[in-house]
Amino acid sequence: MGQCNLEQLVLGMYKEPLQAWDRDYDNFILPLLEDMQPCYILYRLDSQNAQGYEWLFISWSPDHSPVRQKMLYAATRATVKKEFGGGHIKDELFGTMKEDVCFSGYQKHVLSRLGPAPLTAAEEELKQIKINEVKTEISVQSKHQTMQGIAFPIQESAITALLLLKEKKINYIQLKLDTEKETINLVHTDVTDVLDLPKRIPSNAARYHFFLYKHSHEGDYLESIVFIYSMPGYKCGIKDRMLYSSCKGPLLDVAEQQLQLKVVKKIEIDNGEELTPDFLYEEVHPKQHAFKQAFAKPKGPAGKRGMKRIIKGGGDAENGEDV
């Protein structure tokens with residue numbers, strides 16, 4: 001946290017991280033916000049780039065603060081960013097009310113930034129025409145498409161989590177079906193290492209998992225999103241098995257097509273013990289066979305093949321005798 005005091009930027013407060021960045025966020029940020037005093041807050045995320053940890057730059061300028069203070073902070077904002085190092089700053093957030101810069105406010109900021117640009121009146125009219133055409137179209141093909149799976153609505157918090165995963169601000173998402181309300185709900189987004197992944201798989205319930213798999217392959221550092229569908233066999237009722245199987249496709253369609261989440265591998269497992277680091281690596285990077293099997297000449301028919309026409313050997317073979 002930084003404040004301008006006598007036209008100098010001074011350190012007002014700093015804290016060491018205690019938990020994952022999203023869990024620490026409100027506990028660290030909200031107590032620093034004063035009703036009459038603007039400030040800059042640099043909040044460290046858990047993600048990293050080539051220069052090190054990435055940071056969130058927050059500009060707090062409450063409505064009731066003095067005009068001179070607001071002008072001073074507005075004029076020095078670019079300088080502070082430059083001195084800190086723009087390459088370290090992943091995102092910026094500006095707020096005049098606590099609702100703007102709390103964790104839910106930051107999530108709304110991320111969603112609005114990722115959302116499409118507003119449509120013009122003509123574009124909005126054309127969009128509505130296309131929607132009406134789809135609604136009134138009845139054909140064998142459209143019926144077939146609706147029978148591919150059951151599209152349960154996805155909870156808003158689950159959509160937010162998928163967008164944060166796309167931005168690599170979280171590394172794990174667990175989702176479940178609410179069969180009574182017929183929705184797909186968020187379970188949690190706890191920070192998860194590849195060695196902790198087996199512990200995230202329930203032994204008596206089905207789940208959907210999205211995991212940001214950080215690893216090295218052929219000398220390159222990669223961050224690959226993997227989808228895992230866990231179904232513990234007959235420990236789940238037939239209704240759950242059918243619903244989870246049917247909802248999987250539409251869920252992935254939303255994640256990959258609408259949210260543009262790049263899923264590199266889809267895996268189905270019975271239990272968490274299967275999710276070893278070696279198994280995950282081989283699933284994402286299957287071994288390629290460098291050489292094809294050589295063509296093997298088929299054997300001839302079994303049984304007698306008749307007298308040999310030519311036999312070449314050593315010694316007496318040159319005189320025409322069999323060897």
Chemist: Is a donor from one side chain sitting under 3.5 angstrom from an acceptor on the other, for Glu283 and Tyr213?
Modeler: no
Chemist: Got a sec, which pairs hit side chain to side chain donor-acceptor pair (under 3.5 Å) with one end in residues 271-282, sequence neighbours left out?
Modeler: His217-Tyr281
Chemist: Could you tell me if the ring centre of Tyr172 sits under 6.0 Å from that of Phe210?
Modeler: no
Chemist: Taking NZ in Lys15 as the centre, count heavy atoms belonging to other residues, nucleotides or ligands within less than 6.0 Å. Is the count above 12?
Modeler: yes
Chemist: Set out, in order, the CA-CA distance, both residues' side-chain angles and the distance that settles salt bridge (charged side-chain N to carboxylate O under 4.0 Å, His left out) for Lys169 and Glu54, then state yes or no.
Modeler: CA-CA 10 Å; Lys169 294 178 179 177; Glu54 295 178 313; over 6 Å; no
Chemist: Is it true that, when you exclude Lys214 itself, more than 12 heavy atoms of the residues, nucleotides or ligands shown sit nearer than 6.0 Å to its NZ?
Modeler: yes
Chemist: About how many Å separate OH of Tyr43 and CG of Leu56, when rounded to the nearest 0.5 Å?
Modeler: 9.0 Å
Chemist: For the pair Arg44 and Glu16, evaluate salt bridge (charged side-chain N to carboxylate O under 4.0 Å, His left out) and give the outcome as yes or no after the intermediate values.
Modeler: CA-CA 10 Å; Arg44 201 200 79 183; Glu16 298 290 340; over 6 Å; no
Chemist: Taking only distance into account, with no hydrogens and no angle test, what donor-acceptor pairs under 3.5 Å do side-chain atoms of residues 218-225 form with protein atoms, sequence neighbours excluded?
Modeler:
| from | atom 1 | to | atom 2 | distance (Å) |
| --- | --- | --- | --- | --- |
| Tyr221 | OH | Glu223 | OE2 | 2.9 |
| Glu223 | OE1 | Lys168 | NZ | 3.3 |

Chemist: Only one of Trp55, Phe28, Phe103, Tyr53 clears ring-ring contact (aromatic ring centres under 6.0 Å, His included) with Trp21; which?
Modeler: Phe103
Chemist: Tell me, yes or no, whether the heavy-atom count around Asp35 atom CG, taken from other residues, nucleotides or ligands under 6.0 Å, exceeds 12.
Modeler: no
Chemist: Quick one: list whatever passes side-chain contact (heavy atoms from CB on, under 4.5 Å) with Arg23, sequence neighbours left out.
Modeler: Gln19, Asp190
Chemist: If I take atom CG from residue Leu45 and atom CD from residue Glu167, how far apart are they, to the nearest 0.5 angstrom?
Modeler: 11.0 Å
Chemist: Assign the ring pair Tyr208 / Tyr244 to parallel, tilted or perpendicular, where the plane angle (0 to 90°) is split at 30° and 60°.
Modeler: tilted
Chemist: If you count heavy atoms of other groups shown closer than 6.0 angstrom to CG of Leu18, is the number above 12?
Modeler: yes
